[in-house]
Amino acid sequence: MGVLSILNVQKSSVNEISNLWEQKGIYELVKKTRSRGQKFYFLDGPPFPSSDTPHIGTCWNKVLKDTVLRYKRARGFNVRDQPGYDCHGLPIELAIEQKFGVKTKKDIEILGLEQFVSECKRFAETNSESMTNAFRDLGVWMDWAKPYMTHHDDYIESDWWSLKQAWSKGLFEHG
């Protein structure tokens, strides 16, 4: 019981600090104060939102990244910090297949591809929101209002645009 009491006290202290930062707009104030500094771009390598709770390794990763970003800000840099979520791929598809009892790709066709994709997107969005709350609870300062989401059309279109530019410049090789 003693450990739980300590954790409860720590959590309430963290909540008080987080609430104060939010009420005073500290993150935005720091960004504004550093807006004329040398630019430092940080694009977060995205976790899969395949669960509503981030893995402890993902949390540790976010805290380490936050430490670097805070250091850069403390050194006067104008930090662009965009988090993101990898909303494509097997982990999310498997979760939805399990939810609907899908055993074969034909089962997806019977369910309807549009419904399957829609459910995958909803699942990723819901879990991303939950994970964002967990990262905020850890005190991680990133632009949580504008994360990149790999299933959004603007992200996908920018990938295709980048590939076309590389192709046009002859940067691809067959092999």
Side-chain angles (χ1 to χ4, degrees), residues 11 14-96 116-169 171-172:
K11 179 141 177 74
V14 167
N15 285 341
E16 288 173 22
I17 293 168
S18 294
N19 289 339
L20 178 67
W21 285 352
E22 187 145 340
Q23 289 168 1
K24 302 277 186 186
I26 301 299
Y27 170 77
E28 291 80 10
L29 182 62
V30 170
K31 286 186 70 96
K32 183 179 177 184
T33 303
R34 300 296 185 225
S35 65
R36 295 187 189 271
Q38 182 181 344
K39 292 182 178 181
F40 180 79
Y41 292 98
F42 176 79
L43 185 65
D44 188 22
F48 277 111
S50 54
S51 169
D52 63 348
T53 307
H55 181 275
I56 188 69
T58 303
C59 292
W60 176 239
N61 184 294
K62 282 285 188 275
V63 168
L64 290 175
K65 291 172 182 177
D66 185 57
T67 302
V68 171
L69 297 177
R70 287 175 191 259
Y71 172 77
K72 287 294 194 179
R73 284 191 182 102
R75 301 286 296 165
F77 283 82
N78 176 9
V79 176
R80 178 185 184 273
D81 52 13
Q82 187 176 20
Y85 292 97
D86 188 347
C87 302
H88 286 109
L90 203 52
I92 291 169
E93 290 175 24
L94 289 175
I96 300 308
F116 183 79
V117 170
S118 176
E119 193 63 30
C120 286
K121 287 180 179 181
R122 188 198 62 73
F123 180 82
E125 295 274 348
T126 300
N127 286 345
S128 296
E129 288 176 25
S130 180
M131 290 175 77
T132 294
N133 290 334
F135 298 141
R136 281 183 169 159
D137 286 348
L138 288 171
V140 174
W141 276 7
M142 287 189 190
D143 191 355
W144 297 115
K146 294 182 238 153
Y148 69 92
M149 309 287 279
T150 62
H151 70 290
H152 286 171
D153 288 343
D154 59 343
Y155 181 90
I156 296 167
E157 289 167 7
S158 70
D159 274 355
W160 282 113
W161 180 86
S162 297
L163 290 169
K164 183 180 185 311
Q165 298 306 308
W167 177 264
S168 297
K169 293 176 181 178
L171 298 175
F172 288 112

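For the pair R73 and Y27, the minimum side-chain heavy-atom distance is below 4.5 Å. Taking 4.5 Å as the limit, some side-chain heavy atom of K65 sits within range of a side-chain heavy atom of M142. Looking at heavy atoms from C-beta onward, P49 lies in side-chain contact with C87 at the 4.5 angstrom threshold. Considering only heavy atoms from C-beta on, L69 comes within 4.5 Å of F42 through its side chain. M131 is listed as a side-chain neighbour of P47, based on a closest heavy-atom distance under 4.5 Å. Between L90 and F48 there is no side-chain heavy-atom pair separated by less than 4.5 Å. Within the 4.5 Å cutoff, the side chain of S18 has no heavy atoms near those of the D137 side chain. At least one side-chain heavy atom of W60 sits less than 4.5 Å from a side-chain heavy atom of L64.
In summary, K62 and D66 do not engage in a salt bridge, as defined by a charged side-chain N under 4.0 Å from a carboxylate O. Taking the charged nitrogens against the carboxylate oxygens, K31 and D81 do have a contact shorter than 4.0 Å, which makes a salt bridge.
Between W141 atom CH2 and E28 atom CD the span is 9.0 Å, to the nearest 0.5 Å. Between K169 atom NZ and K164 atom NZ the span is 11.0 Å, to the nearest 0.5 Å. One distance of note links CG of D154 with CG of D159; it measures 10.5 Å at 0.5 Å rounding. To the nearest 0.5 Å, atom OG of residue S50 and atom CD1 of residue I96 are 11.0 Å apart. The distance from atom CG of L29 to atom OG1 of T33, rounded to the nearest 0.5 Å, is 4.0 Å.
Between the side chains of E157 and H152, no donor N or O sits under 3.5 Å from an acceptor N or O. Using modelled atom types, one finds no donor on one side chain facing an acceptor on the other under 3.5 Å when comparing H88 with E93.
Of all heavy-atom pairs spanning F123 and I92, the tightest one is CD2-CG2, 3.9 Å. Between I156 and H151 the shortest heavy-atom distance is CD1-O, 3.7 Å. When every heavy atom of R34 is checked against every heavy atom of N78, the shortest pair comes out as O-CB, 3.0 Å. Summarising the geometry of R70 relative to G139, their closest heavy-atom pair is NH2-O, 2.6 Å, with the distance given to 0.1 Å.
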Decide salt bridge (Lys or Arg N to Asp or Glu O under 4.0 Å) for E119 and R122; before the verdict, give the C-alpha distance in whole Å, the side-chain angles of both, and the deciding distance to 0.1 Å. CA-CA 5 Å; E119 193 63 30; R122 188 198 62 73; 2.6 Å; yes

Check step by step if side chain to side chain contact (heavy atoms under 4.5 Å, CB included) holds for L43 and Q82. CA-CA 5 Å; L43 185 65; Q82 187 176 20; 3.7 Å; yes

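Surrounding CD1 of I56 are at most 12 heavy atoms belonging to other residues, nucleotides or ligands under 6.0 Å away. Surrounding OH of Y41 are at most 12 heavy atoms belonging to other residues, nucleotides or ligands under 6.0 Å away.
Among the candidates T150, N127, D44, T132, the single residue satisfying the side-chain hydrogen bond (donor to acceptor under 3.5 Å, both in side chains) test with Y85 is T132.
Between F135 and W144, a ring centre-to-centre spacing shorter than 6.0 Å is recorded.
Using a 30° and 60° split on the angle between ring planes, Y155 and Y148 fall in the parallel class, below 30°.
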